[in-house]
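Since the structure comes first, as structure tokens, the remarks are kept for the end.
None of these values were measured; they are calculated from a predicted model. Quick note: numbers below take in every heavy atom, side chains included, and nothing from hydrogens, waters or symmetry partners. Just so you know, residue 1 is the first one in the sequence shown, and it goes up from there.
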Amino acid sequence: MKKMHSLSSYLLLLISLTAIATPTTTSATTIGVTYSTPASISGTVQLSPDRIAEKVVSMNIPAVRLLDSNPAMIRAFAYTNVSLFLSVPNPLVPLLASNRSLAMRWVYRHVLPFYPRTKISIISVGNDVISYSPDVSPFLLRAMQNVHLSLVDLRIYKISVSTTFSFFNIVPTAFPPSSAQFQQPNGEVIIRPILQFLERTNSSFLINLYPYNMYRSSFSIPIGFALFEEFPFNFRDDLTTGVRYRNLFDMMVDAVISSMAVMGHENLPVIVAETGWPSSGIDASEVDATLLYSEMFLKALLTHLRSGCGTPLRKEGVSEVYIFELVEKDAKQGIRNWGLLHHNMTSKYSFDFSDGGKVRRFKEILVGFFVQVVMLYLLM
């Protein structure tokens with residue numbers, strides 16, 4: 001009886017220590033990466049889908065946005081527990097809008113052979129179609145509807161359908177966030193009906209959001225504000241709401257939320273489909289596109305998202321954020337580098353992408369210690 005009482009005490013101690021080791025605030029934000037299939041690494045070594053999937057799993061990345069939705073890549077993520085965000089290329093939007101059978105064919109090729117062994121969570125029909133030439137935005141909603149109906153016909157209900165917008169092409173003024181509105185006439189003609197569709201189908205609003213681009217476009221934004229630095233003057237006050245913004249990312253997210261609120265859809269989940277900071281620029285004029293600033297931004301962004309504090313207008317924050325991008329493209333003059341990994345798949349940065357690794361390791365040590373104590377006790 002005494003032994004059982006002592007064993008119960010050890011169990012209570014373990015539970016208490018585990019509770020202490022667990023953070024009191026946890027973020028619901030899923031942090032993933034984007035990936036598009038390049039021809040090769042350094043022009044010689046092929047990037048096989050299996051190798052990419054293995055790397056993603058080893059980095060503890062829970063979600064990947066596949067910008068080209070390569071079927072071989074979708075297959076490679078089967079049974080990995082990595083959630084996939086698929087994309088329909090812009091040139092296909094008018095075809096899927098005009099022909100329902102083509103939408104079904106796309107779903108048959110990119111979803112049906114793999115789901116649910118591969119965890120496909122969302123499909124974006126088009127990416128920043130408003131800036132795409134030729135203009136396919138009039139076909140956007142119909143294409144989304146046809147893809148959604150194709151999934152429903154196949155009794156697939158857990159994959160949502162949306163489209164991805166670019167912040168700079170739909171939100172003309174980010175400050176103050178409380179006064180932000182979608183740019184017209186696209187706001188009324190294109191975005192409003194899409195918001196209604198998203199509300200009706202329990203989908204999310206997808207946005208490409210780059211604080212780096214906003215910082216470059218305005219001399220009044222200090223670099224520390226864009227990089228989440230905690231300096232006394234790194235803030236901007238929204239005088240309408242009395243809200244103080246301490247980083248550019250939150251300010252831009254809240255500008256999107258305010259724009260949706262104007263149209264009566266302020267509660268729609270928001271997914272940041274792309275964000276990041278380049279480690280090198282197009283030319284010498286991009287003095288802030290450096291490896292140092294890129295690492296500072298990414299580390300601070302991950303810390304901010306995992307803090308669980310959300311944004312001033314949305315306490316739960318954004319539901320998902322995708323870092324652009326997993327592997328940098330072949331280095332060519334006139335393009336920016338964004339990759340988390342070099343061409344040889346080694347990391348460019350010193351920080352760990354995985355979430356909560358230290359907490360898990362501490363828990364494992366506690367459990368191991370407890371097992372040893374119990375074994376010793378039972379042998380006494």
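- A donor-acceptor contact closer than 3.5 angstrom links the side chains of S294 and Y349.
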Item to check | side chain to side chain contact (heavy atoms under 4.5 Å, CB included) between R200 and Q196, worked out | outcome: CA-CA 6 Å; R200 209 165 46 245; Q196 293 167 351; 4.2 Å; yes

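- Here the side chain of K348 pairs a donor or acceptor atom with the backbone of G339 at under 3.5 angstrom.
- Using a 4.5 Å heavy-atom cutoff, the side chains of S350 and E295 are in contact.
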Checklist entry - Between E320 and R65, is a salt bridge (Lys or Arg N to Asp or Glu O under 4.0 Å) present by the stated rule, with each step listed? => result CA-CA 11 Å; E320 300 174 29; R65 180 188 180 194; over 6 Å; no

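- Taking hydrophobic clusters as Ile, Leu, Val, Met, Phe, Trp and Tyr residues chained together by side-chain heavy-atom distances below 4.5 Å, F197 does not share a cluster with V152.
- Y212 and W338 have perpendicular rings, their planes meeting at more than 60° on a 0 to 90° scale where under 30° would count as parallel.
- Between I271 and Y322, the closest side-chain pair of non-hydrogen atoms falls below 4.5 Å.
- The main-chain N or O of V243 is never found under 3.5 Å from a side-chain atom of D238 such that the two would form a donor-acceptor pair.
- Side-chain N/O atoms of S48 and D50 include no donor and acceptor closer than 3.5 Å.
- Side-chain contact between I31 and L301 is absent, with no heavy atoms from C-beta onward closer than 4.5 Å.
- A continuous path of hydrophobic side-chain contacts links L292 to L248 [ILVMFWY only; heavy atoms under 4.5 Å].
- Considering only heavy atoms from C-beta on, L340 comes within 4.5 Å of L298 through its side chain.
- Atom CD in Q145 sits 9.5 Å away from atom CD1 in I194 (nearest 0.5 Å).
- The environment of Y293 atom OH is sparse: at most 12 non-hydrogen atoms of other residues, nucleotides or ligands sit within 6.0 angstrom.
- The cluster map of Ile, Leu, Val, Met, Phe, Trp and Tyr, joined by side-chain heavy atoms under 4.5 Å apart, puts V57 and V327 in the same cluster.
- When each of T34, L206, L66, V64 is tested with F85 by the rule side-chain contact (heavy atoms from CB on, under 4.5 Å), just one qualifies, namely L206.
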Checklist entry - Please walk me through it: do L47 and Y35 pass side chain to side chain contact (heavy atoms under 4.5 Å, CB included)? => result CA-CA 12 Å; L47 271 173; Y35 180 77; 3.5 Å; yes

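- No donor-acceptor distance shorter than 3.5 angstrom exists from the side chain of D237 to the backbone of L239, with no hydrogens or angles considered.
- In this structure, a donor-acceptor pair under 3.5 Å is absent between the side chains of N208 and D128.
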Next on the checklist: Quick one, I123 with V111, criterion side chain to side chain contact (heavy atoms under 4.5 Å, CB included). Give me CA distance, side-chain angles, the key distance, then yes/no.
Outcome noted: CA-CA 10 Å; I123 297 170; V111 177; 3.9 Å; yes

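- For the pair Y79 and R117, the minimum side-chain heavy-atom distance is below 4.5 Å.
- In terms of heavy atoms, M104 sits closest to L154 at SD-CD1, 3.9 Å.
- T201 and S203 make their closest contact through OG1-OG, 3.0 Å (heavy atoms, listed as atom of the first residue, atom of the second, distance).
- By the 4.5 Å heavy-atom criterion applied to side chains, F228 and K299 are not counted as neighbours.
- When side chains are defined from C-beta on, F114 counts as touching P71, because their heavy atoms get closer than 4.5 Å.
- Using a distance-only test at 3.5 Å, with no hydrogens or angles considered, a donor-acceptor pair links the side chain of D68 to the main chain of T37.
- In terms of heavy-atom proximity, S319 sits nearest to P269 at OG-CB, 4.3 Å.
- Residues F205 and F165 bring their aromatic ring centres within 6.0 Å.
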Checklist entry - Would M260 and V270 satisfy side chain to side chain contact (heavy atoms under 4.5 Å, CB included), going step by step from the backbone distance to the final call? => result CA-CA 10 Å; M260 293 195 303; V270 173; 3.5 Å; yes

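- Residues H110 and I120 share a closest heavy-atom pair of O-CD1, 3.9 Å.
- A donor-acceptor distance shorter than 3.5 angstrom exists from the side chain of S162 to the backbone of S204, with no hydrogens or angles considered.
- From L313, atom CG reaches atom CD of E266 across 10.5 Å, with rounding to the nearest 0.5 Å.
- Closest approach of I159 to L151, counting heavy atoms only: O-CD1, 3.7 Å.
- Between T275 and P211 the shortest side-chain heavy-atom distance falls below 4.5 Å.
- In terms of hydrophobic clustering, with Ile, Leu, Val, Met, Phe, Trp and Tyr side chains grouped at heavy-atom distances under 4.5 Å, L102 and L141 are assigned to a common cluster.
- Distance CD/E316 to OG1/T29: 9.0 Å, rounded to 0.5 Å.
- When atom types are taken as modelled, the side chain of Q184 and the backbone of E188 share a donor-acceptor pair closer than 3.5 angstrom.
- Put simply, CG on L341 and CG on L326 are 4.5 Å apart, with the number rounded to the nearest 0.5 Å.
- Relative ring orientation between F249 and H304 is described as perpendicular, the plane-to-plane angle rising above 60° on a 0-90° scale split at 30° and 60°.
- For the 3.5 Å distance criterion, the side chains of S178 and T241 fail to qualify, holding no donor opposite an acceptor.
- Looking at T173, its side chain never comes within 3.5 Å of a backbone N or O of F175 through a donor-acceptor pair.
- The backbone N or O of E229 sits less than 3.5 Å from a side-chain atom of N234, completing a donor-acceptor pair.
- Cluster annotation: I122 and M73 are assigned to distinct hydrophobic clusters (Ile/Leu/Val/Met/Phe/Trp/Tyr, side-chain heavy-atom contacts under 4.5 Å, transitive).
- A side-chain donor-acceptor contact under 3.5 Å links S258 to the backbone of P177.
- Of the possible polar contacts, none joining the T346 side chain to the H342 backbone as a donor-acceptor pair under 3.5 Å is found.
- Separation of atoms CG (L92) and CZ (R105) is listed at 11.5 Å; rounding is to 0.5 Å.
- A tilted orientation is assigned to the rings of F297 and W277, their planes being inclined by 30° to 60°.
- Remark: T118 OG1 to F77 CZ distance equals 9.0 Å, nearest 0.5 Å.
- Counted by atom type alone, S87 and N127 present zero donor-acceptor pairs between their side chains at under 3.5 Å.
- Residues V171 and A255 come closest through the heavy atom pair CG1-CB, 4.3 Å.
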